[in-house]
Amino acid sequence: MSFTLAHLSDAHLAGLRKREILRNFSSKRMIGAVSWFGNRKRRHQLAIANAVRDSILDAKVDHIALTGDLVNIATWNEFPAAATWVSSFGPPDRLSFVPGNHDTYVSVPWENGLKHLTPWMTPDRHEATAETTLFPYVRMRRTMALIGLNSGRPQNFFSAAGTVGEQQLRDLKHILAMLGQQGFYRVVMIHHPPLPGLAPLRKALTDAAALKQVLVEEGCELVLHGHNHRFMLNWLETRSGHTPVIGAPSASIQGDKFHEPAGWNNFHIQRKQGYWQTELTVQRWSQASAQIERGETITLSPP
């Protein structure tokens, strides 16, 4: 009984058009556009994001978790382009997505924004509408349960913070308890690092302490996040034992002395002698070979 799960994040897809910035004008978008065209456009490359995608497809994993920030400043044309890129992974039931702060950079009408991505962030057998697409969602894949949280909220000019909110926290508590009783391997997906102290204040999850408390009390087997553009491994003592909290690097960044190169996380999960065992193999972009290369393998047993 085994399951393979790919985790990628923060693709920041290229294709931002200057005319769309003026068409969807906002002051915050202008600030973000200056940053994008000033340096981030050179740093994030679509060819690398495509190499990450192709590497995941070649690995033939059972499911894919994408933890946010597909777009850059949430202009209307970015969302259909992002949906087209995500659809290249295969049918929507193969990939689960949760929004990041750039996907909710400013307030965007539902029809022009996240509606394009709802096939990848709604429960199975449910049709997504603005009224019924609520978080957290749950997707069942054999013995796996993927639980998607939305931490993306429009913020002020220089904030990249996130918030889960009381409603999601209450629902998450119930969901974790129910799925734990049923014996599922529970994977919690969120964009922002879910624990206090893992991101600077202006980029942090505002209710990280409350989310941590829910995870501690109800337990889960794995937490996945993005946002910090680097691989991260932290541990949380929960009701179900030592839970790994894993962050992924940006899926499109070339890498230099200041920025970690692109990559994705490949999890192999299996049940042996009544216990869940998780093994992680890190996949990294190599500038020298211009391809994704296999990195270290980590057995995620308790520290």
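None of these values were measured; they are calculated from a predicted model.
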Does the side chain of [X] come under 3.5 Å of the side chain of [Y] through a donor N or O and an acceptor N or O?
{"X": "Thr281", "Y": "Asn266", "answer": "no"}
{"X": "Trp76", "Y": "Glu78", "answer": "no"}
{"X": "His12", "Y": "Arg40", "answer": "yes"}
{"X": "His259", "Y": "Asp256", "answer": "yes"}
{"X": "Ser55", "Y": "Trp264", "answer": "yes"}
{"X": "Tyr185", "Y": "Thr278", "answer": "yes"}

Donor-acceptor pair, [X] side chain versus [Y] backbone, under 3.5 Å?
{"X": "Ser240", "Y": "Cys220", "answer": "yes"}
{"X": "Arg42", "Y": "Gly38", "answer": "yes"}
{"X": "Thr206", "Y": "Gly162", "answer": "yes"}
{"X": "Asp69", "Y": "His102", "answer": "yes"}
{"X": "Arg186", "Y": "Leu176", "answer": "yes"}
{"X": "Thr118", "Y": "Leu114", "answer": "no"}
{"X": "His63", "Y": "Arg94", "answer": "yes"}
{"X": "Ser159", "Y": "Ala161", "answer": "yes"}

What is the minimum heavy-atom distance between [X] and [Y], and which atoms define it?
{"X": "Pro154", "Y": "Val106", "answer": "CG-C, 3.9 Å"}
{"X": "Pro249", "Y": "Ala262", "answer": "CG-C, 4.2 Å"}
{"X": "Gly219", "Y": "Thr238", "answer": "CA-OG1, 3.6 Å"}
{"X": "Ala82", "Y": "Leu117", "answer": "C-CD2, 4.3 Å"}
{"X": "Thr67", "Y": "Gly226", "answer": "OG1-N, 3.6 Å"}
{"X": "Ala248", "Y": "Ser9", "answer": "CB-CB, 4.1 Å"}

State, yes or no, whether a side-chain contact exists between [X] and [Y] at a heavy-atom distance under 4.5 Å.
{"X": "Leu13", "Y": "Ser252", "answer": "no"}
{"X": "Gln283", "Y": "Asn265", "answer": "no"}
{"X": "Ser2", "Y": "His268", "answer": "yes"}
{"X": "Val223", "Y": "Leu195", "answer": "no"}
{"X": "Ile48", "Y": "Gln254", "answer": "yes"}
{"X": "Leu224", "Y": "Phe267", "answer": "yes"}
{"X": "Pro193", "Y": "Asn228", "answer": "yes"}
{"X": "Leu236", "Y": "His242", "answer": "no"}

> side-chain contact (heavy atoms from CB on, under 4.5 Å) between Leu146 and Met140: does it pass, once the steps are laid out?
Replying inline: CA-CA 6 Å; Leu146 294 109; Met140 307 293 195; over 6 Å; no
> Can you pull the salt bridge (Lys or Arg N to Asp or Glu O under 4.0 Å) pairs that have at least one residue in residues 189-204, sequence neighbours excluded?
Replying inline: none
>> If the threshold is 4.0 Å, N to carboxylate O, is there a salt bridge linking Asp93 and Arg139?
In response: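 No, Asp93 and Arg139 are not salt-bridged.
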> In this structure, which one of Gln155, His227, Arg153 forms a side-chain hydrogen bond (donor to acceptor under 3.5 Å, both in side chains) with Asn101?
Replying inline: His227
Measure the [atom1]-[atom2] distance between [X] and [Y] for me, rounded to the nearest 0.5 Å.
{"X": "Leu8", "Y": "Phe97", "atom1": "CG", "atom2": "CZ", "answer": "10.0 Å"}
{"X": "Leu179", "Y": "His174", "atom1": "CG", "atom2": "NE2", "answer": "8.5 Å"}
{"X": "Asp207", "Y": "Gln168", "atom1": "CG", "atom2": "CD", "answer": "9.0 Å"}
{"X": "Asp124", "Y": "Ser96", "atom1": "CG", "atom2": "OG", "answer": "8.0 Å"}
{"X": "Phe3", "Y": "Thr143", "atom1": "CZ", "atom2": "OG1", "answer": "7.5 Å"}
{"X": "Arg271", "Y": "Gln273", "atom1": "CZ", "atom2": "CD", "answer": "11.5 Å"}

> Could you go step by step and tell me if Asn150 and Val98 meet the side-chain contact (heavy atoms from CB on, under 4.5 Å) rule?
Replying inline: CA-CA 6 Å; Asn150 181 11; Val98 292; over 6 Å; no
>> Before you tell me yes or no, could you show the steps for Arg53 and Asp58 under salt bridge (Lys or Arg N to Asp or Glu O under 4.0 Å), namely the whole-Å CA-CA distance, both residues' side-chain angles and the distance that decides it to 0.1 Å?
In response: CA-CA 9 Å; Arg53 176 201 59 200; Asp58 288 344; over 6 Å; no
Once side-chain hydrogen bond (donor to acceptor under 3.5 Å, both in side chains) is applied, do any residues pair with [X], and if so which ones, sequence neighbours excluded?
{"X": "Glu279", "value": "none"}
{"X": "Trp276", "value": "none"}
{"X": "Asp103", "value": "none"}
{"X": "Arg170", "value": "Gln167"}

>> My understanding is that only residues two or more places apart in sequence, or in another chain, count here; which of them pass side chain to side chain contact (heavy atoms under 4.5 Å, CB included) with Ala177?
In response: Glu218
If hydrophobic clusters are built by linking Ile, Leu, Val, Met, Phe, Trp and Tyr wherever their side-chain heavy atoms come under 4.5 Å apart, do [X] and [Y] end up in the same one?
{"X": "Phe184", "Y": "Leu300", "result": "no"}
{"X": "Trp285", "Y": "Met232", "result": "no"}
{"X": "Met189", "Y": "Val138", "result": "no"}
{"X": "Ile253", "Y": "Val52", "result": "no"}
{"X": "Tyr137", "Y": "Leu172", "result": "no"}

> Do Lys115's NZ or CZ and the ring of Phe79 fall within the cation-pi criteria of under 6.0 Å and 45°?
Replying inline: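 Not satisfied by the 6.0 Å and 45° rule.
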> Under the side-chain contact (heavy atoms from CB on, under 4.5 Å) criterion, do Trp120 and Val86 qualify, and how do the steps go?
Replying inline: CA-CA 9 Å; Trp120 297 276; Val86 175; 3.5 Å; yes
>> Assess the residue pair Trp85 and Leu46 against the criterion (side-chain contact (heavy atoms from CB on, under 4.5 Å)); give the C-alpha distance rounded to whole Å, side-chain angles, the decisive distance to 0.1 Å, and a yes or no.
In response: CA-CA 10 Å; Trp85 188 78; Leu46 181 59; 4.2 Å; yes
> Do the two ring centres, one from His191 and one from His225, sit under 6.0 Å apart?
Replying inline: no
> Do the two ring centres, one from His44 and one from His229, sit under 6.0 Å apart?
Replying inline: yes
